[in-house]
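Below is one structure; the comments refer to it alone.
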Amino acid sequence: MRNNFAEIVAGFASLISAFALSSCSLEGVRRELQSQDIHHVPSYMIEPREQLNYLVEHYWDKVNLKDTAWLSRRTELERQFMDYFALLDSRGAISQTNMLRPLEKMQGEMLMEALGYYRRAYYDLNSPYCNDELYRYVVIWAIHSPRVPREQQIAIRQSLKGLEYNRVGKPAKDIVYTNDSTTVRLLPIKQKYLLLSLTRPGDSTAVERHEYLKKRGVYTRMTKARQLRVLNLYVGYQGDKSVLKPDSLLPTFVEKGIDTKDSIIQHSLYDLRRNPSLYLLGKDGKVLLRNPELDELSRYLETNEKN
Amino acid sequence: MSLYDRLYRVLPQSLLVALCLGLGACQINKDDSWSMLPVDREGLDSLHSLKSEFLVRRGGEMHHLDLFIRHDNRTERDRLRLILSLRRKTDTVYRDTIDLRLSEAPSTWVGQGLLNHEVEYSVPQALLLQEAGIYEASIYAPRGEETKGLTLVGIRLR
């Protein structure tokens with residue numbers, strides 16, 4: 001009888017403990033599941049744009065960016081950042097605050113990792129979000145942040161030169177170059193517009209681009225009317241003047257020049273990530289367009305041709 | 001007036017109400033995830049298309065695109081072709097012409113309902129959306145496609 005009673009008590013106790021254990025593990029799973037939806041949007045928000053605005057503003061609220069456990073899940077961390085960049089891109093009109101918000105919460109290796117994501121997203125030419133003005137926010141923040149190591153700041157500062165110089169609306173850097181026989185200065189500009197094409201060795205799109213310039217009438221018309229000057233400036237050729245020889249593929253209205261001392265590269269005067277790097281300068285020497293697509297450039301000139 | 005007479009009098013109205021309720025009950029209730037557009041006299045062509053935005057919160061995941069139409073008995077065709085597309089900014093992620101079967105045999109509509117018939121269609125292949133953000137789904141009839149009888153179209157990205 002006593003044995004039976006003990007068995008019943010033991011069975012009952014084991015049942016209770018099993019129930020308690022299962023409820024504890026369920027609670028853990030529940031917490032885990034809840035934590036997975038860290039980018040929750042309130043259900044009363046139905047409009048996608050409203051949801052997007054909310055998500056951008058609160059994206060990092062529930063993410064512990066100081067937790068170094070993320071370093072063992074770098075792919076997931078990168079995904080979080082790439083999604084954030086994509087959401088910012090969808091929203092448009094990206095503010096400095098939104099750009100820097102996650103960085104303000106980070107430090108150490110995590111911060112260095114995140115700065116790498118920013119570089120890949122906003123500085124890499126192959127990225128759909130590549131944007132010099134936005135990356136400039138990050139670079140300026142990084143070189144002033146006490147949380148970024150000094151040696152890293154020096155490296156980051158190098159890329160700032162290219163971003164700072166020749167920004168749209170700012171004066172272009174003057175260059176001394178050599179044409180057929182003489183040494184000339186780029187500034188001041190006598191025509192209404194100057195299209196500066198900085199070409200480095202290995203320009204694979206030259207033939208295609210020159211065909212485009214010939215076909216699109218605006219370039220011929222504006223150069224004839226002395227409204228536009230097109231200058232093809234060769235950089236990185238170590239003074240090899242053979243590039244200045246006549247080229248039948250080049251449209252007749254394109255002038256040639258060479259940076260014989262390679263000062264553009266040495267002093268990082270112009271951003272040369274693209275080949276060629278295109279700059280449209282106005283008469284006052286200010287940059288009007290920086291690395292535009294050819295269609296965008298043509299549309300700009302066509303719109304302003306008669307003005 | 002006896003109770004029987006009274007009942008006899010209200011019977012037609014009651015039957016009518018019941019019929020309306022019954023017809024209503026045949027319609028599918030669509031939740032907020034659907035974006036709906038009533039189709040007016042202009043029809044549903046590229047100028048009068050249904051365009052709707054959807055927010056994708058996480059990139060690199062699979063999604064499904066669903067289509068819904070409601071048509072009435074004015075419809076004179078057994079099939080309906082519609083162009084369904086999904087874009088993110090200027091990139092087209094998906095675009096295809098959907099061939100919807102409205103009737104399987106004479107006088108037999110595929111969709112549910114007596115006066116209005118509803119047909120739902122899911123794009124068979126799941127779509128891998130690499131980037132988060134706002135996607136725009138649109139639906140319209142190709143040029144020359146008769147949309148008479150079409151009263152409502154809906155679209156959903158899930």
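Per chain, numbering begins at 1; letters A, B, ... match sequence-line order.
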Notebook entry, point to check: Side chains of B:Arg88 and A:Ser90: closer than 4.5 Å at any heavy-atom pair?
Noted result: yes
Counting neighbours of [atom1] on [X] that are heavy atoms of other residues, nucleotides or ligands and sit closer than 6.0 Å, is the number greater than 12?
X	atom1	answer
A:Glu76	CD	yes
A:Glu50	CD	yes
A:Lys286	NZ	no
B:Arg79	CZ	yes

Next item on the list: Could you tell me whether B:Glu131 and A:Arg79 have a side-chain N and a carboxylate O separated by less than 4.0 Å?
Entry: no
[X] portion near chain B, given a 4.5 angstrom heavy-atom threshold:
X	value
A:Leu52	both
A:Val56	neither
A:Arg91	neither
A:Glu47	neither

Notebook entry, point to check: How long is the gap from CD on A:Gln51 to CD1 on B:Ile134, to the nearest 0.5 Å?
Noted result: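 That separation rounds to 7.5 Å.
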Checklist line | Euclidean distance, A:Asn53 CG relative to B:Leu55 CG, rounded to 0.5 Å | finding: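 The distance works out to 10.0 Å.
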Margin query: What verdict does the side-chain contact (heavy atoms from CB on, under 4.5 Å) test give for B:Arg57 and A:Leu87, after you've listed the backbone C-alpha separation in whole Å, the side-chain angles of each residue and the deciding distance to 0.1 Å?
Written below: CA-CA 8 Å; B:Arg57 286 195 265 162; A:Leu87 292 169; 5.8 Å; no
Next item on the list: Can you spot which of A:His39, A:Met82, A:Gln80 makes a side-chain contact (heavy atoms from CB on, under 4.5 Å) with B:Arg58?
Entry: A:Gln80
